[in-house]
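Since this is a predicted model, take the numbers as computed values, not measurements.
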Amino acid sequence: MPVITIDLGTIENKEKKGQLVQALTDAASSVTQIPADKFIVFIKEMERENIGVGGKLLSDILK
């Protein structure tokens, strides 16, 4: 089974996570011609305090 993994900051709610999973699955299935039901999607959410950009914490940048 093909696996899609995405690392990103936290997602607001379950509905948005579902939309992301659907969009990633649809796009990958369309390009590869592998049936959508064969894809597994992992969402790795990272808190802003655990992400650094340009030597600064993302939580500080987005204040």
Side-chain angles (χ1 to χ4, degrees):
M1 290 193 161
V3 175
I4 300 169
T5 303
I6 184 166
D7 298 327
L8 56 126
T10 57
I11 298 176
E12 296 175 19
N13 58 50
K14 185 177 176 181
E15 180 180 297
K16 293 217 181 255
K17 288 180 188 183
Q19 291 172 355
L20 177 60
V21 167
Q22 188 65 57
L24 292 170
T25 301
D26 290 347
S29 178
S30 175
V31 169
T32 64
Q33 297 300 303
I34 296 172
D37 65 345
K38 301 299 181 192
F39 282 88
I40 297 172
V41 178
F42 290 107
I43 300 172
K44 295 182 180 180
E45 291 182 273
M46 296 173 282
E47 297 294 326
R48 292 177 177 170
E49 296 84 31
N50 297 332
I51 302 170
V53 178
K56 297 180 182 180
L57 291 176
L58 187 57
S59 58
D60 293 336
I61 295 170
L62 298 175
K63 283 186 180 179

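- V31 and F39 are not part of a single hydrophobic cluster, where members link through side-chain heavy atoms under 4.5 Å apart.
- I4 approaches L24 most closely through the heavy-atom pair CD1-O, 3.8 Å.
- Atom CG of residue L20 and atom CD1 of residue I6 lie 5.0 Å apart, to the nearest 0.5 angstrom.
- Looking at every heavy atom in both residues, S29 comes nearest to A36 through OG-N, 3.4 Å.
- With hydrophobic clusters built from ILVMFWY side chains whose heavy atoms lie under 4.5 angstrom apart, V53 shares a cluster with M46.
- Closest of all the heavy-atom pairs between K17 and E45 is NZ-OE1, 2.7 Å.
- Put simply, CD1 on I51 and CG on L8 are 8.0 Å apart, with the number rounded to the nearest 0.5 Å.
- Remark: T25 OG1 to I34 CD1 distance equals 11.5 Å, nearest 0.5 Å.
- Around CD of E12, the count of heavy atoms belonging to other residues, nucleotides or ligands within 6.0 Å does not exceed 12.
- Taking CZ of R48 as the reference point, atom CG of D60 lies at 11.5 Å (rounded to 0.5 Å).
- Formation of a donor-acceptor pair under 3.5 Å by the E49 side chain with backbone atoms of L57 is not found in this model.
- There is a path of hydrophobic side-chain contacts, each under 4.5 Å, that joins V3 to M1.
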